[in-house]
Amino acid sequence: MALVEIKNLHKSFGTNHVLRGIDFTVEQREVVCVIGPSGSGKSTLLRCVNLLEVPEEGQVIVRGEDITDRDCHLDAARSQIGMVFQQFNLFPHLNVLANCTVAQTTVLKRGSAEAEKIARANLDRVGLNDKVLAYPMQLSGGQQQRVAIARALSMDPQLMLFDEPTSALDPELVGDVLTVMRKLALDGMTMLVVTHEMAFAREVADRVVFMDAGVIVEQGPPAEVIGNPQHNRTRNFLARVLNPTHVEPT
Amino acid sequence: MSAPIDTVERKGLSPRQRAQRSRWIQYAILIALVLVAAFTADWAQIVSVFFKPQYIKAAFEDGLMQALVKTLEYTAGAFVIGLLGGTLLALMRLSSVGPYRWIATAYIEFFRGLPAIVVFIAFSLLPLAFEGLTIPLDPYGVVWLALGIVAAAYMAEVIRAGIQAVPKGQIEAARSLGMPFGLATRKIVLPQAFRIVLPPLTNDLILLVKDSSLVFIIGTSAEAYELTGFGRDLANTYANLTPLVTAGFCYLIITLPLGILVRRLEAKAARAR
Ligand SMILES: Nc1ncnc2c1ncn2[C@@H]1O[C@H](COP(=O)(O)OP(=O)(O)O)[C@@H](O)[C@H]1O
Ligand SMILES: [Mg+2]
């Protein structure tokens with residue numbers, strides 16, 4: 001059974017029909033990268049997967065449970081889906097450790113000693129065990145994003161969503177975050193990643209999904225979608241992204 | 001338009017020199033006024049009416065400090081009620097449930113538009129209107145309620161602004177970790193909102209210190225007097241304003257440090273931005 005199954009997803013903001021019938025699945029332990037031009041609906045799609053946006057039509061089925069169903073325990077479903085945002089969204093009033101424990105103790109009802117142990121293990125995983133008591137403001141963007149990943153991992157998620165996790169970072173800090181994500185993929189984490197990092201997608205993704213204007217134009221192994229795209233729209237997009245003189249605005 | 005500038009410039013004064021000259025003229029006028037006041041005023045009379053040492057001493061002996069403590073107690077309790085009520089009202093105003101919003105809006109507009117003194121007069125008449133009505137913790141209950149009801153309306157608007165100033169990504173991050181809305185509000189949004197509104201809330205506290213003087217309208221017993229009631233009573237007794245002035249200075253002892261605190265907090269917030 002697929003871990004996530006998305007069926008005929010439609011989402012509009014007012015008259016702006018952003019998602020126009022999206023169908024796709026993410027298998028257990030699969031890494032799927034979503035690429036596409038700005039405004040094509042990538043973030044909206046990701047946000048529909050944990051229902052930060054409520055779709056008008058269609059279903060999001062996570063491990064056999066339709067989370068768009070009214071009877072679904074949404075918070076429980078969300079706690080199993082980690083989300084990493086472009087702008088990190090760390091809690092500025094809590095230190096790094098508390099950022100990683102607050103949901104564990106309140107949502108999962110873990111004891112504070114256990115939560116702390118798990119948080120430290122995950123901070124170790126992202127290479128920040130020396131920043132446990134720092135506040136987000138005192139960290140670089142790359143460090144903040146890695147704390148955000150550790151915060152999500154501390155909930156033992158079934159699936160991790162990444163929405164352009166490196167787009168807000170200074171170029172020299174991008175590598176650290178991608179390294180952490182690469183390691184995560186090797187550890188068998190199921191990941192759905194919106195990214196403009198084509199080298200990362202080519203190397204780490206099992207499958208690449210190209211989206212444009214609210215529909216999936218093509219998908220397949222990275223060697224095919226990035227290496228030998230079948231559609232004009234994909235080719236145009238890749239030409240713009242891969243050509244350093246035409247940097248895609250984010 | 002250029003003609004007057006030409007005439008001034010003919011005298012050879014730069015704009016800066018002119019500004020300086022006008023400042024010196026203002027200083028000179030000010031000093032002249034102070035000197036006139038100093039020489040024409042009847043200082044002996046002023047001191048004996050407003051600052052008579054024996055009455056200052058009498059004020060201390062008759063319980064100025066107890067009155068100061070009462071003012072602090074009345075203010076603190078009302079602040080807590082205002083904070084709790086204001087937070088509740090702010091959350092109601094931002095709620096997606098229509099009736100909550102309407103009730104909160106009506107409450108806030110009503111009590112912000114009403115002079116606080118009207119609320120106090122109403123509370124002073126309550127026992128007449130509802131026979132046998134007792135508000136617990138006499139006299140604190142009535143005072144805290146009357147002051148807190150008005151304070152909540154003011155603080156609600158401040159707190160609402162603070163909640164709205166917390167970036168939307170914060171609640172999204174909390175929700176995506178599985179936190180229910182209430183928990184996310186309590187653990188993530190409100191702590192940040194209060195940090196943002198600490199300076200304006202401290203301003204509300206200063207206003208509340210002063211508003212606590214309205215308590216005398218409710219008509220408390222002499223032991224329950226706060227600074228204004230105490231000062232007024234003693235000034236009546238001695239037919240001299242000194243006790244009231246002394247009580248007035250006590251307000252400044254409370255409010256001036258708070259005012260400095262507000263400026264510090266604002267400077268700190270500006271630096272953090
Ligand atoms: N909360 C929102 N309200 C209104 N319009 C939105 C909102 N979020 C996204 N949109 C619109 O939806 C479209 C797709 O946005 P998004 O999913 O962020 O695209 P992408 O992530 O691919 O750049 C854009 O036209 C954007 O303006
Ligand atoms: Mg986006």
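The basis for the numbers below is simple: all heavy atoms, side chains too, and nothing from hydrogens, waters or symmetry mates. Each chain gets a letter, A, B and so on, in the order its sequence line appears, and its residues count up from 1.
Interface check for chain B: of the options A:Gln87, A:Arg47, A:Gln104, the most heavy-atom pairs under 4.5 Å are formed by A:Arg47. Of the listed residues (A:Leu161, A:Leu74, A:Leu51, A:Val102), the one with the most heavy-atom contacts under 4.5 Å to chain B is A:Val102. The choice from A:Ser154, A:Ala152, A:Ser79 that makes the most heavy-atom pairs within less than 4.5 Å of chain B is A:Ser79. The candidate with the highest count of non-hydrogen atom pairs below 4.5 Å against chain A, out of B:Ala184, B:Pro191, B:Pro180, is B:Pro180.
Proximity to chain B (any heavy atom under 4.5 Å) is restricted, for A:Ile81, to the backbone atoms N, CA, C and O. In this structure, the portion of B:Arg195 lying under 4.5 Å from any heavy atom of chain A is its side chain and not its backbone. Both the backbone and the side chain of B:Ala174 come within contact range of chain A, each with at least one heavy atom under 4.5 Å from a heavy atom of that chain.
Environment of CZ in A:Arg182: crowded, with over 12 heavy atoms of neighbouring residues, nucleotides or ligands closer than 6.0 Å. Counting non-hydrogen atoms of other residues, nucleotides and ligands closer than 6.0 Å to CZ of B:Arg101 gives a total above 12. The local environment of OH in B:Tyr140 is crowded, with over 12 non-hydrogen atoms from other residues, nucleotides or ligands closer than 6.0 Å.
When all heavy atoms of A:Pro92 and B:Gln192 are compared, the closest pair comes out as CG-OE1, 3.3 Å. Residue B:Ala173 comes nearest to A:Phe91 through the heavy atom pair CB-CE2, 3.9 Å, listed as atom of the first residue, atom of the second, then distance. Closest approach of B:Ser176 and A:Asn50 over heavy atoms only: CB-ND2, 3.3 Å. Of all non-hydrogen atoms in A:Leu90 and B:Gln170, the two that sit nearest each other are O-NE2, 2.8 Å. Heavy-atom minimum distance, B:Ile188 versus A:His93: O-CE1, 3.6 Å.
For the pair B:Leu177/A:Met83, no side-chain contact is recorded, criterion being any heavy-atom separation below 4.5 Å from C-beta on. In this structure, B:Lys187 and A:Leu94 have side chains that are not in contact, with every pair of non-hydrogen atoms separated by 4.5 Å or more.
Residue A:Thr106 holds its OG1 atom at 4.0 Å from CE of B:Met179, rounded to the nearest 0.5 Å.
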